[in-house]
Visitor: 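This structure is in structure tokens; I'll ask about it shortly.
Please read all numbers here as calculations on a predicted model, not as lab measurements. Convention: sequence-line order gives letters A, B, ...; per-chain numbering from 1.
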Amino acid sequence: MPELPEVEVVRRGLEQHAVGARVTAVEVLHVRPVRRDPRGPEGFADALVGRTLTAARRRGKYLWLPLDGGDALLAHLGMSGQMLVQPPGAPAERHLRVRFALERPGAEPTELRFVDQRMFGGLAVSAGGAELPAEVAHIARDPLDPLFDDDAFVARVRRRAVGIKRQLLDQTLVSGIGNIYADEALWRTRLHGDRPGERLRAAQVRELLAHVRDVMTDALAEGGTSFDALYVDVNGQSGYFDRSLRAYGQEGRPCQRCGTPIRRVAFANRSSFFCPVCQPVPRRPRATRRIDPPRPR
DNA sequence: CAGCTTACCTGCCGGC
DNA sequence: TGCCGGCAGGTAAGCT
């Protein structure tokens, strides 16, 4: 589930329900989710017990909770990760991987739980990572970050021949966009994802960026309801998916603009969805073919 | 070295 | 019913 809007929903929930709490115990139920932590499962737990969570930050799809002392609990949800805040007695979720006992002054104890079916996600304690974990340094700012540099983004996109969808998914260029929001933003801009960046006009890239922001903001508005006082629920699917998707997952359904059935094609080991009329396939998908000059002899 | 493929996991769904 | 392939919104390592 998690692209930027979903991760932001989780961040807000953690800000509300976990920040200010002290970690009193950590239980690692599966080692895989802490594989990135150089200390190993035991060291991971030891580095957290007794610490207080002082904030909840995010860049793109990465999330971290700074700790008193300057380290941070870093999290990535991967494909199926969830962060849940539960009362300690709640039955264990099927894919519960790590749990943290939390105590906040003047409040009932709670449990923070990392639940992840596929375990592509993970947790780590980032040494000195309170401001920006080293593990996140290569990730670009996301389009909702006030310091995101629009001009630099436009310039970089137009410098490369790579298809625009691939560039949207490149987290070192712009972060937070995944397969769904890439397809949705491209549909809104009427651009095919195979259009080479270098063949787009600056105004088109700007318009695309504006649509990326719009679709993420819309999603955020609808995903914000899945929190309540007791738990942090990551299920952004329910509200947003049914109503607002115009391209992603809509194969065969009529395009909401022109009625043409949405098409699905293979893309980078998954799928792309687009309207073949509104978003025409570029004539030469890529490969700048040019005629070699005659050889002097 | 930019750009593409592959690996990493588990579960579900549809076809045979 | 059971088995198998395909597919799922993630990143990053590895190959060309």
Visitor: Quick one: look up who C:dT1 pairs with, Watson-Crick or G-U, both distances under 3.5 Å, and put none if it's unpaired.
Guide: none

Visitor: So if I take every side-chain heavy atom of A:His95 and compare against C:dA8, B:dG11, B:dG3, which nucleotide ends up nearest?
Guide: B:dG11

Visitor: Rounded to the nearest 0.5 Å, how far does CG of A:Leu173 lie from CZ of A:Arg141?
Guide: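 Output value for this atom pair is 14.5 Å.
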
Visitor: Report which part of the nucleic acid A:Arg270 touches: base, sugar-phosphate, or nothing (heavy-atom distance under 4.0 Å, all strands).
Guide: base

Visitor: Between C:dG5 and B:dA7, how far apart are the P atoms? Round to whole Å, please.
Guide: 16 Å

Visitor: Return yes if a side-chain donor-acceptor contact under 3.5 Å exists between A:Thr54 and A:Asp68, otherwise no.
Guide: no

Visitor: Per the atom types in the model, does the base of C:dA8 pair as donor or acceptor with the side chain of A:Arg118 at under 3.5 Å?
Guide: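 By the distance-only test, yes, there is a pair.
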
Visitor: Checking A:Gln256 against A:Gln250: is there a side-chain donor and acceptor pair closer than 3.5 Å?
Guide: no

Visitor: Taking only the P atom of each, what is the distance from C:dA13 to B:dC9 in whole angstrom?
Guide: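 Comparing P positions in C:dA13 and B:dC9 gives a spacing of 15 Å.
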
Visitor: Categorize A:Phe267 for me: base, sugar-phosphate, or nothing, with a 4.0 angstrom heavy-atom threshold over every strand shown.
Guide: nothing

Visitor: Do A:Ser272 and A:Lys165 get their side chains close enough for a donor-acceptor pair, meaning under 3.5 Å?
Guide: yes

Visitor: Check every atom of B:dG3, C:dT11, C:dA8 against the side chain of A:Lys61 and return the nucleotide holding the closest atom.
Guide: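 Ranking B:dG3, C:dT11, C:dA8 by closest atom to the A:Lys61 side chain puts C:dT11 first.
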
Visitor: Does a distance-only test, which skips hydrogens and angles, find a donor-acceptor pair under 3.5 Å between the side chain of A:Arg94 and the base of B:dG11?
Guide: no

Visitor: Is there a stack between A:Phe120 and C:dT11, judged by ring centres under 5.5 Å and planes under 30°?
Guide: no

Visitor: Should B:dC9 form a Watson-Crick or G-U wobble pair with both distances under 3.5 Å, which nucleotide is its partner?
Guide: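 With both distances under 3.5 Å required, B:dC9 matches none.
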
Visitor: Base, sugar-phosphate alone, or nothing: which one does A:Arg159 contact when heavy atoms must sit under 4.0 Å apart?
Guide: nothing

Visitor: With heavy atoms under 4.0 Å as the rule, sort A:His138 into base, sugar-phosphate or nothing.
Guide: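 Result for A:His138 = sugar-phosphate.
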
